[in-house]
Amino acid sequence: MRKYLLISFATAGLLFNSCTNGQSQISTSVLTPSAYADKIKSLPSAPIIDVRTPEEYAKGHLINAKNFDWNGDDFKKQIASLDKSKPAFVYCLSGKRSAAAAIEMRNNGFIQVYELNGGIMKWRAENLPETTANSTSSAGMSKLQFEGLLNSDKLVLVDFYADWCAPCKVMKPYLDEISKEMTDKVVIVRVNVDDNQSLCKELKVDELPVLQLYKNNTLTWSHSGLIEKANIEAQLK
């Protein structure tokens with residue numbers, strides 16, 4: 001009986017070590033923007049895969065990045081063209097799509113996939129280099145123009161969003177409802193982060209979704225991430 005218990009504890013220890021080692025291996029593959037940039041420099045021949053849509057990619061991407069749209073029909077075919085025995089980099093807007101793409105790549109035999117923690121939004125927040133290649137990119141709204149939108153005798157609720165952000169899509173219907181139901185009290189301003197990259201960098205908006213509430217041109221409340229309608233309404237009372 002004692003021998004059996006010893007074997008059981010030993011087995012449990014091996015399993016525990018396997019799990020923690022696995023978690024450690026995964027965590028070291030998710031890098032901060034600065035560590036990601038350093039790793040790219042140390043592996044200059046490794047492919048950099050931007051898994052956003054072509055429209056997002058055209059508005060700004062990492063230098064030398066290839067666009068393999070995670071939601072496109074050709075993603076599996078595109079990654080199959082890469083050498084699985086060598087490291088690869090993936091990123092998206094905020095990190096969710098690239099995390100899913102990295103899992104898919106690892107499941108398909110890639111030995112090392114590095115992910116950009118926080119996506120290109122965090123990359124931009126640290127003023128790291130990107131390019132539009134030969135694509136044209138609008139400068140978007142200036143901070144002065146943004147501040148002009150805050151000039152109202154009503155509350156101004158600013159919704160920073162992206163067309164490709166799943167939580168943003170969930171929130172839009174009830175933000176529209178609030179806009180109609182509280183039209184005498186609240187003005188809702190929607191800011192597309194892809195179209196207003198400089199503004200978002202200046203305002204330090206580096207994740208999605210983000211809501212900011214202004215009263216008399218003064219920021220009184222801010223929230224990052226998915227939030228229910230009732231919780232927003234509570235801030236507007």
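Keep in mind that what you see is a predicted model, and the values were worked out from it rather than measured.
Trp221 and Tyr174 fall within a single hydrophobic cluster, where Ile, Leu, Val, Met, Phe, Trp and Tyr are joined by side-chain heavy atoms under 4.5 Å apart, directly or via other members. Cluster membership for Leu175 and Val187, using ILVMFWY side-chain heavy atoms within less than 4.5 angstrom, is not shared. Following chains of ILVMFWY side-chain contacts shorter than 4.5 Å, one can reach Val191 starting from Leu219, so the two form part of one hydrophobic cluster. Following chains of ILVMFWY side-chain contacts shorter than 4.5 Å, one cannot reach Ile49 starting from Val30, and the two form parts of different hydrophobic clusters. Follow the hydrophobic side-chain contacts under 4.5 Å out from Val51 and you never reach Phe89; the two are in separate clusters.
Under the ring pair (Phe, Tyr, Trp, His ring centres under 6.0 Å) criterion, Phe68 pairs with no residue at all, not counting sequence neighbours. Not counting sequence neighbours, the partners of Ala102 by the side chain to side chain contact (heavy atoms under 4.5 Å, CB included) test are Val90, Arg106, Val113, Glu115.
Side-chain N or O atoms of Trp123 include none that pairs as donor or acceptor with a backbone N or O of Gly118 at under 3.5 Å. Between the side chain of Asn67 and the main chain of Arg52, a donor-acceptor pair closer than 3.5 Å is present. A donor-acceptor contact shorter than 3.5 Å links the side chain of Tyr57 to the backbone of Ala65.
Pairs of residues two or more places apart, or lying in two chains, never qualify as ring-ring contact (aromatic ring centres under 6.0 Å, His included) while including a residue from residues 189-213.
Closest of all the heavy-atom pairs between Ser85 and Asp83 is OG-OD1, 2.6 Å. Thr53 approaches Arg97 most closely through the heavy-atom pair N-NH1, 4.1 Å. In plain terms, the two heavy atoms of Ile79 and Lys76 that are nearest each other are CG1-O, 3.3 Å. The two atoms that bring Gly95 and Ser98 nearest to each other are O-OG, 3.2 Å, heavy atoms only. Here the closest heavy-atom approach between residue Leu116 and residue Tyr91 is recorded as CB-CB, 3.7 Å.
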Table please: side-chain donor-acceptor pairs of residues 148-164 below 3.5 Å, with sequence neighbours left out.
| unit_1 | atom_1 | unit_2 | atom_2 | d |
| --- | --- | --- | --- | --- |
| Asn151 | OD1 | Asn217 | ND2 | 3.0 |
| Ser152 | OG | Lys154 | N | 3.0 |
| Lys154 | NZ | Thr183 | O | 2.7 |
| Asp159 | OD2 | Arg190 | NE | 3.0 |
| Asp159 | OD2 | Arg190 | NH2 | 3.3 |
| Trp164 | NE1 | Glu56 | OE1 | 3.4 |
| Trp164 | NE1 | Glu56 | OE2 | 3.2 |
| Trp164 | NE1 | Asp194 | OD2 | 3.1 |

Let me check something: any side-chain donor-acceptor pairs from residues 225-237 under 3.5 Å, sequence neighbours excluded? List them with distances.
| unit_1 | atom_1 | unit_2 | atom_2 | d |
| --- | --- | --- | --- | --- |
| Lys229 | NZ | Glu177 | OE1 | 2.8 |
| Lys229 | NZ | Glu181 | OE1 | 3.3 |
| Lys229 | NZ | Glu181 | OE2 | 3.4 |

Using residues 199-213 as the side-chain source, report each donor-acceptor pair under 3.5 Å to any protein atom, sequence neighbours left out, with the distance given to one decimal.
| unit_1 | atom_1 | unit_2 | atom_2 | d |
| --- | --- | --- | --- | --- |
| Asp206 | OD1 | Lys122 | NZ | 3.4 |
| Asp206 | OD2 | Lys122 | NZ | 3.3 |
| Gln212 | OE1 | Tyr214 | OH | 2.7 |

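Atom-to-atom distance recorded for Lys39:NZ and Ile48:CD1 is 13.5 Å, nearest 0.5 angstrom. Atom CG of Asp50 and atom CH2 of Trp70 lie 14.0 Å apart (nearest 0.5 Å). Residue Ser198 holds its OG atom at 13.0 Å from NZ of Lys143, rounded to the nearest 0.5 Å. For the atom pair OG (Ser29) and CG (Asn117), the distance works out to 12.0 Å, reported to the nearest 0.5 Å. To the nearest 0.5 angstrom, Arg124 atom CZ is 9.0 Å from Leu62 atom CG. Within the model, atoms CD1 of Ile111 and NZ of Lys86 stand 10.0 Å from one another, a figure rounded to the nearest 0.5 Å.
The shortest distance between side-chain heavy atoms of Thr218 and Lys215 does not fall below 4.5 Å. Inter-residue side-chain proximity for Gln78 and Lys66 is flagged as unmet; no heavy-atom pair is nearer than 4.5 Å.
Using a cutoff of 4.0 Å between basic side-chain nitrogens and carboxylate oxygens, Lys172 and Asp176 are scored as salt-bridged.
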